Amino acid sequence: MRSLQPPATEAALIDRADALAGATVGALCDSLGHPCPADLRRHKGFIGDLVEAALGAPAGSASAPDFPALGVELKTIPVRPDGAPRGSTWVCTAPLFALDPGPWRDSAVCARLARVLFVPVLGDGPPATRRFGVPVLWSPSADQEGVLAADWDTLTDLLVERAVGQWTADHGVALQLRPKAASSRHRVEVLDHDGDLVETVPLGFYLRRSFTAEILAIEPRLLRP
DNA sequence: AGCTGATCATGC
DNA sequence: GCATGATCAGCT
């Protein structure tokens, strides 16, 4: 799916993303010579991968931003007609075994969210009919970073305390812990707060819908190109 | 309508 | 097997 050089500058990246706005996923598939699945049930990451290719993200850069030279992470995000996201946004895996996850500023979550290019995707029908909105290049405001840092402390405290029963999605204002696995049958063993060996599902950090809604709260007409 | 827990494909 | 990209689907 890769045929383009990475953008040399942030401005070049934004130009490419802007050029997508208004186009359908089907049209982008055509221009990249890539088949478009009839639904996303068994192709959940398809649009994300497609946009990576369209913007020239280098392939297979694990545990690095999508655009390593620019320090920019790419997120395609499905939005409703009013521009609000349809769901939560994956960030990264949660450290279930760390004795000390460390401070917010040194965290993988902080690094991932330092600079993010959100590419909205409108529509909920067949993928080919969905349409790209105007991208938003975001870095957390001081207020937003405060919320994220507080959540980081809350959630990593639960992990460090081995409060396994509390490892649910109900904690955190902007960030939350959620299962991240191929299935619930995939378990990991951890020691709980009593020192007992218990099984749990691998967890990841996600951004709550309300938080990304705030990020994407821009002039709604921009979302209907 | 929204959230939570469950799930799917692919590449390395 | 794990990390990447997310959406699905049941329940409240």
Side-chain angles (χ1 to χ4, degrees), chain A residues 1-2 17 20 25 28-29 32 34-68 72-98 107-109 111-113 116-130 132 135 151 155 158 164-190 199-214 216:
Chain A
M1 250 200 239
R2 305 289 190 281
L20 252 38
V25 170
L28 183 58
C29 284
L32 295 179
H34 201 275
C36 191
D39 70 79
L40 297 180
R41 225 171 7 155
R42 294 185 174 273
H43 304 274
K44 296 185 178 182
F46 175 77
I47 298 179
D49 291 341
L50 184 73
V51 174
E52 282 188 7
L55 299 183
S61 45
S63 55
D66 294 301
F67 298 94
V72 173
E73 180 75 16
L74 174 69
K75 293 287 181 198
T76 55
I77 183 165
V79 297
R80 306 182 304 204
D82 67 356
R86 291 185 183 278
S88 52
T89 301
W90 157 253
V91 182
C92 62
T93 55
L96 301 192
F97 305 101
S107 70
V109 179
R112 283 284 185 96
L113 299 182
V116 182
L117 181 65
F118 288 98
V119 174
V121 182
L122 291 136
D124 59 356
T129 69
R130 303 187 192 190
F132 296 108
D151 284 347
L155 300 179
L158 293 173
V164 181
Q166 301 259 89
W167 292 1
T168 61
D170 337 289
H171 309 278
V173 173
L175 277 178
Q176 61 181 168
L177 287 169
R178 298 255 298 280
K180 175 63 170 177
S183 96
S184 57
R185 272 89 72 190
H186 188 357
R187 322 291 295 192
V188 292
E189 288 191 324
V190 298
E199 292 192 331
T200 183
V201 169
L203 300 174
F205 292 109
Y206 290 76
L207 291 178
R208 288 189 185 276
R209 202 180 73 85
S210 56
F211 187 76
T212 45
E214 178 189 310
L216 298 178

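Everything numeric here is computed off the predicted structure, so don't read it as measured data. Here is how names work: the chains are called A, B, and so on, in the same order as the sequence lines, proteins then strands, and each is numbered from 1.
- Legend: residues meeting salt bridge (Lys or Arg N to Asp or Glu O under 4.0 Å) with Asp170(A), ordered by chain and number and at least two apart, are absent.
- Taking both residues in full, the closest heavy atoms of Asp66(A) and Glu52(A) are given as OD1-OE2, 3.2 Å, listed atom of the first, atom of the second, then distance.
- Backbone-only contact: Arg209(A) has heavy atoms under 4.0 Å from sugar-phosphate atoms and none from a base.
- Among residues two or more places apart in sequence or in another chain, the side chain to side chain donor-acceptor pair (under 3.5 Å) test is passed with Thr89(A) by none.
- Going from atom CG of Asp49(A) over to atom P of dA6(C) covers 7 Å, rounded to whole Å.
- When the P atom of dT7(C) is taken as reference, atom CD1 of Ile47(A) falls 7 Å away, rounded to whole Å.
- The aromatic rings of Phe46(A) and His34(A) sit tilted relative to each other, their planes meeting at an angle between 30° and 60°.
- If you check every strand for non-hydrogen atoms under 4.0 Å, Pro78(A) touches sugar and phosphate atoms only.
- Residue-level contact check: Thr76(A) touches the backbone only, with heavy atoms under 4.0 Å from sugar-phosphate atoms and none from bases.
- Between atom CG of residue Asp151(A) and atom CZ of residue Phe211(A) there is a gap of 8.5 Å, rounded to the nearest 0.5 Å.
- Rounding to whole angstrom units, CD of residue Glu52(A) and C1' of dA3(C) are separated by 12 Å.
- Across the interface with DNA chain C, nearest-nucleotide mapping of Gly87(A) and His186(A) shows His186(A) to be the residue nearer the 5′ end.
- Between Arg209(A) atom CZ and Thr212(A) atom OG1 the span is 7.5 Å, to the nearest 0.5 Å.
- Residue Trp90(A) places none of its side-chain N or O atoms closer than 4.0 Å to OP1 or OP2 of dA6(C).
- The CG-P distance, from Leu50(A) to dT10(B), rounds to 14 Å in whole Å.
- For dG2(B), one of the phosphate oxygens OP1 or OP2 lies less than 4.0 angstrom from a side-chain nitrogen or oxygen of Arg80(A).
- Here dC8(C) presents its C1' atom at 18 Å from CZ of Phe46(A), a figure rounded to the nearest Å.
- Note: NE2 (His34(A)) to C1' (dT10(B)) measures 11 Å, nearest angstrom.
- Look at CZ on Arg112(A): it is 9 Å from C1' on dA3(C), rounded to the nearest Å.
- Crowding of Arg41(A) atom CZ: a count of heavy atoms from other residues, nucleotides or ligands under 6.0 Å not exceeding 12.
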Each nucleotide N or O in nucleotides 4-8 of chain B that has a protein N or O under 3.5 Å away: list the pair and distance.
residue	atom	partner	partner atom	Å
dT4(B)	OP2	Gln176(A)	NE2	3.1
dT4(B)	OP2	Arg208(A)	NH1	3.1
dG5(B)	OP2	Ala169(A)	N	3.0
dG5(B)	N7	Arg178(A)	NE	2.9
dG5(B)	O6	Arg178(A)	NH2	2.7
dT7(B)	OP1	Arg185(A)	NH1	3.2
dT7(B)	OP2	Ser184(A)	N	2.6
dT7(B)	OP2	Ser184(A)	OG	2.9
dT7(B)	O2	Lys44(A)	NZ	2.5
dT7(B)	O4	Ala181(A)	O	3.4

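- Asp66(A) places its CG atom 10 Å from the P atom of dT4(C), with the value rounded to the nearest Å.
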